[in-house]
Q: 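Here's a structure for you.
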Amino acid sequence: MRLWSREIWRLVWPSAVGVLLGALLGVPGLGLAVGLSVCLGFHLYQLRALYHWLTRAPQEEPPAAPGLWGELFDRLYRYQKSQRLTQNRLRATLARIQESSEAMRDSVVMLDRHGDLEWWNSAAAQMLGLKVELDRGQHITNFLRDPRFVSYFNARDYSEPLTLPSPIDERRILQYQITLYGDDERLVMARDITRLHRLEQMRRDFVANVSHELRTPLTVLSGYLETYADLAEQLPPRLGRGIEQMQAQTTRMQNLVNDLLLLSRLEIDQGGEDHQPIDVAALLAKVRDDALALSKGQHAIEVEVESDAALIGSEQELRSAVSNLAFNAVRYTPPGSQITLRWQASEQGACLAVEDDGEGIDPVHIPRLTERFYRVDKGRSTATGGTGLGLAIVKHVLLRHDGKLTIDSRPGEGARFRCVFPQERLAGFE
Ligand code: ADP
């Protein structure tokens, strides 16, 4: 406020002096005009000094000026200084971030809200074939044209990563993970997992080969054991019991080998070649017959078909999945239990369910049930002829049919295994 009153005084007194001198000479109006011109001249001079300072060397100390102008110069200088400091700090942070992203062996690509390229590190340039500057502003799908990437990118569900061959070298396998941030911008990270992929392939091939190689010796063993079993009466009783046990264990090993081979095939094949509309009612009727045979009529097994829509997929694979669920229901429920095989379809999708009113499963086990060889009660599973691979097979079959397995169960309240399929998997649904 003091600055302001001083500034007003700076205007008033030259005007007053001008008027007084003008009055003495008989021209007070001219005196006032001269006084005001002096004030205007002073302000124009300071304005010029400000202009020169800002246009020529704003980082240098401001020119000295009295009163309000001096304060204005000082504040502008301080403001500029703090802005410069903030800018430098931001620049240093940005440089550090870019440097660390540069040092990363994984690709990092920043996209704007339209999906156009904004920035990428040199790993991305190598892995995805992006050229510095030249490709800036282009859409990501101009480089990653694989339809699987395009639909993953557009679906905007990035909870799972996507694995694909590199766009510039088919032999390299990349895993993409997209993160949404800021104003709908996206960060695409790509990692070279060729080595991991090869190891995984080796593991699968190894399991498949071992299982395959074990088949022939097991067939020979079980053939001879069958012959010996036929001659059991001529053998001493101790040997007879041994042969029975050997037969049971051979069958168990054969089941294990068959399940391992099936799992390997499900993992290795891409799937989708033999997909056709399946009559679900007929499929469930066959599974029911097989389950009744396993149960030896000790369980009540019902089929409830609530839709005549067909399911598109591989009949052999789906039969194996539903059979596994139905056989489990027979094996893990006491005689007299009720088992229901259900087929439902709606606008939202379809559901193939196997329900029982047996002892149920403790919820702590449910998330791990589809792991290979995970059993709630190992002894019981082995005694009932389980291989520990049943639910893993179900999970893989469903993956190949865009489906999901959900398990609802509580101890003492039975279990419900639901295979849920999207609507696109239905044919003839009204
Ligand atoms: P297994 O060959 O041991 O049956 P699965 O993968 O088919 O292997 O099943 C894993 C485990 O899940 C089983 O060991 C069993 O404890 C449990 N389970 C599966 N189905 C049922 C069911 N209907 N009721 C209770 N427990 C079940």
Side-chain angles (χ1 to χ4, degrees), residues 94-182 184-209 263-275 395-404 422 424:
L94 208 68
R96 264 210 312 277
I97 293 174
Q98 290 197 343
E99 253 170 48
S100 54
S101 311
E102 270 303 315
M104 274 169 73
R105 291 168 67 194
D106 296 346
S107 295
V108 182
V109 183
M110 285 164 98
L111 306 177
D112 65 11
R113 58 203 303 257
H114 306 293
D116 296 339
L117 302 177
E118 257 186 1
W119 180 87
W120 56 93
N121 63 356
S122 44
Q126 268 177 16
M127 241 184 244
L128 311 175
L130 302 177
K131 285 172 219 74
V132 193
E133 288 311 322
L134 214 67
D135 296 331
R136 201 177 301 276
Q138 296 234 36
H139 201 269
I140 181 90
T141 51
N142 289 350
F143 299 93
L144 302 172
R145 291 165 188 269
D146 192 309
R148 286 166 290 179
F149 180 84
V150 178
S151 61
Y152 175 68
F153 184 78
N154 292 331
R156 305 179 75 85
D157 173 12
Y158 306 129
S159 48
E160 293 290 326
L162 175 74
T163 304
L164 288 178
S166 149
I168 53 169
D169 183 356
E170 282 280 309
R171 287 166 307 172
R172 306 218 72 77
I173 305 295
L174 304 184
Q175 189 177 61
Y176 298 95
Q177 178 79 63
I178 302 181
T179 313
L180 278 164
Y181 73 99
D184 211 20
E185 289 138 320
R186 276 171 275 199
L187 187 76
V188 182
M189 310 259 295
R191 161 177 297 184
D192 189 334
I193 55 156
T194 313
R195 219 175 76 84
L196 212 73
H197 189 76
R198 262 194 219 130
L199 281 173
E200 179 67 9
Q201 219 159 14
M202 270 166 64
R203 178 196 62 82
R204 279 190 216 142
D205 290 349
F206 177 77
V207 174
N209 289 339
L263 249 182
S264 308
R265 225 199 58 234
L266 291 174
E267 278 185 329
I268 293 168
D269 284 1
Q270 285 297 307
E273 298 88 21
D274 56 349
H275 283 186
K395 184 176 132 184
H396 272 86
V397 168
L398 292 185
L399 267 180
R400 287 154 63 87
H401 289 80
D402 310 316
K404 254 198 328 227
E424 300 83 68

Q: In Å and rounded to the nearest 0.5 Å, what is the CE to CD1 distance from Met189 to Ile178?
A: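 Between Met189 CE and Ile178 CD1, I get 11.5 Å after rounding to 0.5 Å.
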
Q: Mark yes or no for whether His139, through its side chain, and His114, through its backbone, hold a donor-acceptor pair below 3.5 Å.
A: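 Answer holds: yes.
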
Q: Could you pull out the closest heavy-atom pair between Tyr181 and Leu187, with the gap in Å?
A: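 Heavy atoms of Tyr181 and Leu187 come nearest at CE2-N, 3.8 Å.
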
Q: Nearest 0.5 Å please: distance from the CZ atom of Arg136 over to the CH2 atom of Trp119.
A: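 Here the rounded value is 9.5 Å.
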
Q: Between CD1 of Ile268 and CG of Leu263, what distance do you get to the nearest 0.5 Å?
A: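 The CD1 atom of Ile268 sits 10.5 Å away from the CG atom of Leu263.
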
Q: Between atom CD of Glu424 and atom CG of Asp402, what is the distance when rounded to the nearest 0.5 Å?
A: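 If I round to the nearest 0.5 Å, the distance is 7.5 Å.
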
Q: Over 60° means perpendicular and under 30° means parallel, so classify the ring planes of Tyr152 and Tyr158, tilted if in between.
A: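 Geometry flag for Tyr152 against Tyr158: perpendicular rings.
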
Q: Would the distance check show the side chain of Glu102 and the main-chain N or O of Ser122 forming a donor-acceptor pair, the cut-off being under 3.5 Å?
A: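 Side chain of Glu102 to backbone of Ser122, a donor-acceptor pair under 3.5 Å: yes, one is there.
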
Q: How close do Glu170 and Pro165 get, heavy atom to heavy atom, and via which atoms?
A: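 Heavy-atom minimum between the residues: O-CB, 3.7 Å.
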
Q: Ser107 and Ala124: which non-hydrogen atoms are nearest, and at how many Å?
A: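 Shortest heavy-atom separation between Ser107 and Ala124 comes out as OG-CA, 3.2 Å.
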
Q: Look up atom CG in Leu128 and atom CG in Leu144, then write down how far apart they are to the nearest 0.5 Å.
A: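 Between atom CG of Leu128 and atom CG of Leu144 there are 5.5 Å.
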
Q: Given the rule in the side-chain contact (heavy atoms from CB on, under 4.5 Å) test, do Phe153 and Leu111 qualify, once you have shown the distances and angles that lead to the verdict?
A: CA-CA 12 Å; Phe153 184 78; Leu111 306 177; 3.6 Å; yes

Q: Report yes if some heavy atom in the side chain of Val109 is under 4.5 Å from a heavy atom in the side chain of Tyr176; otherwise report no.
A: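 The answer is no; the side chains never approach within 4.5 Å.
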
Q: Going by salt bridge (charged side-chain N to carboxylate O under 4.0 Å, His left out), name the pairs with one or both residues in residues 106-123, residues two or more places apart or in two chains.
A: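 Found Asp106-Arg191, Arg113-Asp183.
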
Q: Check step by step if side-chain contact (heavy atoms from CB on, under 4.5 Å) holds for Arg156 and Arg186.
A: CA-CA 10 Å; Arg156 305 179 75 85; Arg186 276 171 275 199; 3.4 Å; yes

Q: Would you sort out whether Glu200 and Arg203 count as a salt bridge (Lys or Arg N to Asp or Glu O under 4.0 Å), showing the intermediate values?
A: CA-CA 5 Å; Glu200 179 67 9; Arg203 178 196 62 82; 2.9 Å; yes

Q: Any side-chain to backbone donor/acceptor pair from Ser166 onto Ile173? Under 3.5 Å, distance only.
A: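 Flag not set: sc Ser166 to bb Ile173 has no pair under 3.5 Å.
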
Q: Any side-chain heavy atom of Val188 within less than 4.5 Å of one from Trp120?
A: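 Counting from C-beta outward, Val188 and Trp120 never come under 4.5 Å.
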
Q: Is it true that a side-chain atom of His401 and a backbone atom of Gly403 form a donor plus acceptor pair closer than 3.5 Å?
A: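 No, the answer is negative, given that no donor and acceptor are paired below the 3.5 Å cut-off.
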
Q: Are Asp192 and Leu174 packed together at the side-chain level, in the sense that at least one heavy-atom pair is separated by less than 4.5 angstrom?
A: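 A side-chain contact exists here, since the closest heavy-atom pair is under 4.5 Å.
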
Q: Which distance, rounded to the nearest 0.5 Å, do you find between the CD of Gln126 and the CG of Asn121?
A: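 Between Gln126 CD and Asn121 CG, I get 9.5 Å after rounding to 0.5 Å.
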
Q: Would you indicate whether the side-chain heavy atoms of Leu117 and Ile140 approach each other to under 4.5 Å?
A: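 SC-SC contact between Ile140 and Leu117 confirmed.
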
Q: Suppose we screen for side chain to side chain contact (heavy atoms under 4.5 Å, CB included). Which residues come up paired with Leu196, at least two apart in sequence or across chains?
A: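 Ile193.
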
Q: Between His396 and Glu267, is there a side-chain heavy-atom distance shorter than 4.5 Å?
A: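 The answer is yes; the side chains approach within 4.5 Å.
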
